[in-house]
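What follows is a short report on a single structure.
None of these values were measured; they are calculated from a predicted model. Protein chains get the first letters and strands the later ones, always in sequence-line order, with residue 1 at the start of each.
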Protein chains: 2
Amino acid sequence: MTQRKKEIYIQAANLFKEKGYPAASMRDLADRVGIEASSLYSHIKSKEQILIEICQSCGDLFNKGIDEILNVEDSLKFKLFRIIDLHLNIAQNRPSSIVVFTDEWKHLPESALLDFRQSRKSYENKFEQLIKLGQESGVFKKEMKAKLIVNMIISSLKWTLNKKETLNSDKTRDEIKLFIHNAVIT
Amino acid sequence: MTQRKKEIYIQAANLFKEKGYPAASMRDLADRVGIEASSLYSHIKSKEQILIEICQSCGDLFNKGIDEILNVEDSLKFKLFRIIDLHLNIAQNRPSSIVVFTDEWKHLPESALLDFRQSRKSYENKFEQLIKLGQESGVFKKEMKAKLIVNMIISSLKWTLNKKETLNSDKTRDEIKLFIHNAVIT
DNA sequence: CCTACCGATCGGTAGG
DNA sequence: CCTACCGATCGGTAGG
């Protein structure tokens with residue numbers, strides 16, 4: 001990946017985040033990169049392809065991240081905290097891409113949409129298994145369905161997207177973990 | 001508001017939800033209503049105006065809803081549960097509009113955007129005051145900032161949008177309330 | 001990487 | 001509510 005191509009992907013993520021994918025034009029993007037719109041196509045295949053790659057790479061970050069957490073020997077409680085940090089770290093390190101991944105995936109073309117849903121499903125299933133394991137061993141509360149707990153946790157973290165100071169504050173991160181700790185740990 | 005105009009707003013909300021505002025065309029909308037695109041403009045002023053009214057009316061639902069809850073004499077804990085039901089009820093009763101309100105507000109024109117942010121801010125401030133009151137009286141946990149609690153709660157409920165069976169299930173609603181109860185009630 | 005350009009589609013108007 | 005149409009803009013290609 002050349003420097004120019006990287007620059008295009010970075011600016012595309014910024015632009016898609018700000019305007020939304022359909023409202024972001026290739027001419028907007030070219031302006032930000034500092035070249036003509038037609039010149040973009042020497043580096044990229046299509047507008048769609050940029051969206052596909054942004055969404056795929058974010059999905060991979062989540063799945064690789066959770067795999068690493070689950071494969072290390074730790075308490076289930078600590079693994080849950082590491083998953084929370086995984087979400088916050090991705091938001092911190094890829095502030096534009098993560099918003100595109102979260103808000104613009106519905107504009108993916110059909111085949112990439114199937115991949116996206118599969119990747120997300122795979123992630124949620126791993127997360128759910130962790131919760132179920134904790135419920136069986138008495139670490140996590142049993143009164144709520146594991147799938148609901150996963151949905152509540154993932155959803156609850158999304159307000160932090162785009163909130164740089166929140167993501168940078170260890171104190172705020174601790175409060176987020178405390179909220180979820182109170183919600184699910186026995 | 002004539003029947004035809006109502007129909008246009010309903011179909012517009014459905015369409016904006018499905019495709020996103022920028023990708024939804026007035027020709028799409030006209031097809032769903034069963035008239036020509038140009039005929040839409042006998043009933044509505046512009047595409048933008050539809051978005052503005054959808055977002056305004058949802059904002060009003062939240063603000064009127066919370067005002068009613070806060071003005072009735074109830075325990076703070078019960079008021080919190082009523083706020084949760086307010087969110088779930090709006091999602092249940094206006095399944096398309098609420099998604100447009102949540103996901104498409106950034107496409108509002110400048111002046112409407114100011115109104116939108118003000119309405120949302122107003123809602124969040126009232127919610128925050130309730131949490132602070134509860135923290136002072138020892139009903140809600142003090143270890144987390146009130147604003148963070150509000151953000152976590154509002155965000156945590158958003159996964160239920162578009163999940164009709166979740167919104168229709170009293171049992172699931174109870175689990176959602178239990179999650180939040182555990183998180184914030186002493 | 002640029003100039004020049006394509007067909008398609010956009011929101012919206014004129015006039016009836 | 002329709003036919004006919006407008007200028008603007010879209011993603012993308014040809015050719016150099």
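Near DNA chain C, meaning a heavy atom under 4.0 Å from it, residues 43-53 of chain B has B:S46, B:K47 in order of number. Contacts of residues 5-20 of chain A with DNA chain C (heavy atom under 4.0 Å): none. Of the residues in residues 99-106 of chain B, none has a non-hydrogen atom less than 4.0 angstrom from any atom of DNA chain D.
Between B:W105 and B:F116, the ring planes lie parallel to each other; the angle is under 30°, not in the 30° to 60° tilted range.
Residues B:F140 and B:I149 have side chains not in contact (no heavy-atom distance under 4.5 Å, counting atoms from C-beta outward). Inter-residue side-chain proximity for A:M152 and B:I180 is flagged as met; some heavy-atom pair is nearer than 4.5 Å. Here the side chains of B:F127 and B:I153 are in contact, with some heavy-atom distance below 4.5 Å. Using a 4.5 Å cut-off on side-chain heavy atoms (C-beta onward), A:K17 and A:D103 make no contact. Within the 4.5 Å cutoff, the side chain of B:Y21 has no heavy atoms near those of the B:V100 side chain. Between A:H181 and A:F81, the closest side-chain pair of non-hydrogen atoms falls below 4.5 Å. Between A:D74 and A:K79 the shortest side-chain heavy-atom distance falls below 4.5 Å.
Contact annotation for B:A23: no contact, since no heavy-atom pair falls under 4.0 Å across all strands. Backbone-only contact: A:A24 has heavy atoms under 4.0 Å from sugar-phosphate atoms and none from a base.
When the side-chain hydrogen bond (donor to acceptor under 3.5 Å, both in side chains) test is applied to B:T172, the partners found at least two apart in sequence or on another chain are B:S169. In terms of the side chain to side chain contact (heavy atoms under 4.5 Å, CB included) criterion, residue partners of A:K163 (sequence neighbours excluded) are, by chain and number, A:W159, A:T166, B:N151. By the side-chain hydrogen bond (donor to acceptor under 3.5 Å, both in side chains) test, A:Q135 is found to be paired with no residue, residues two or more places apart in sequence or in another chain being considered. The side-chain hydrogen bond (donor to acceptor under 3.5 Å, both in side chains) check on A:R32 picks up A:E18, with sequence neighbours excluded. Under the side-chain hydrogen bond (donor to acceptor under 3.5 Å, both in side chains) criterion, A:Q49 pairs with A:E53, sequence neighbours left out.
Per the geometry, CG belonging to A:D28 stands 11 Å off C1' belonging to D:dT9, to the nearest Å. Taking atom CE of residue A:M26 and atom C1' of nucleotide C:dC10, one finds them 18 Å apart after rounding to whole Å. Residue A:D31 contributes atom CG, which lies 12 Å from atom P of D:dG11 at whole-angstrom precision. The separation between A:L40 atom CG and D:dG11 atom C1' is 11 Å, rounded to whole Å.
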Write down the protein N/O and nucleotide N/O pairs, taken from nucleotides 2-6 of chain C, whose separation is under 3.5 Å; answer none if there are no such pairs.
residue : atom : partner : partner atom : Å
C:dC2   : OP2  : A:E36   : N            : 2.7
C:dC2   : OP2  : A:S39   : OG           : 2.6
C:dT3   : O4   : A:S38   : OG           : 2.8

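Sorted by first and then second residue, the side-chain hydrogen bond (donor to acceptor under 3.5 Å, both in side chains) pairs with a member in residues 80-91 of chain B read B:D85-B:R173, B:D85-B:K177, B:H87-B:Y123, B:N89-B:R173; sequence neighbours excluded.
The 12-atom threshold is not exceeded at NZ of B:K164, counting heavy atoms of other residues, nucleotides or ligands nearer than 6.0 Å.
Nearest nucleotide to the side chain of A:Y41, out of C:dG11, D:dC1, D:dG11: D:dG11.
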Residues 62-72 of chain B side chain polar contacts: donor-acceptor under 3.5 Å, at least two apart:
residue : atom : partner : partner atom : Å
B:N63   : OD1  : B:S122  : OG           : 3.3
B:N63   : OD1  : B:K126  : NZ           : 2.7
B:N63   : ND2  : B:G59   : O            : 3.3
B:N63   : ND2  : B:S119  : O            : 3.2
B:N63   : ND2  : B:S119  : OG           : 3.1
B:D67   : OD1  : B:K126  : NZ           : 3.1
B:N71   : ND2  : B:D67   : O            : 3.1

Which nucleotides of DNA chain D pair, in dot-bracket form (Watson-Crick or G-U under 3.5 Å, | meaning another strand):
||||||||||||||||
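Using a 4.0 Å cut-off, no side-chain N or O of A:S25 falls inside it from OP1 or OP2 of D:dT9.
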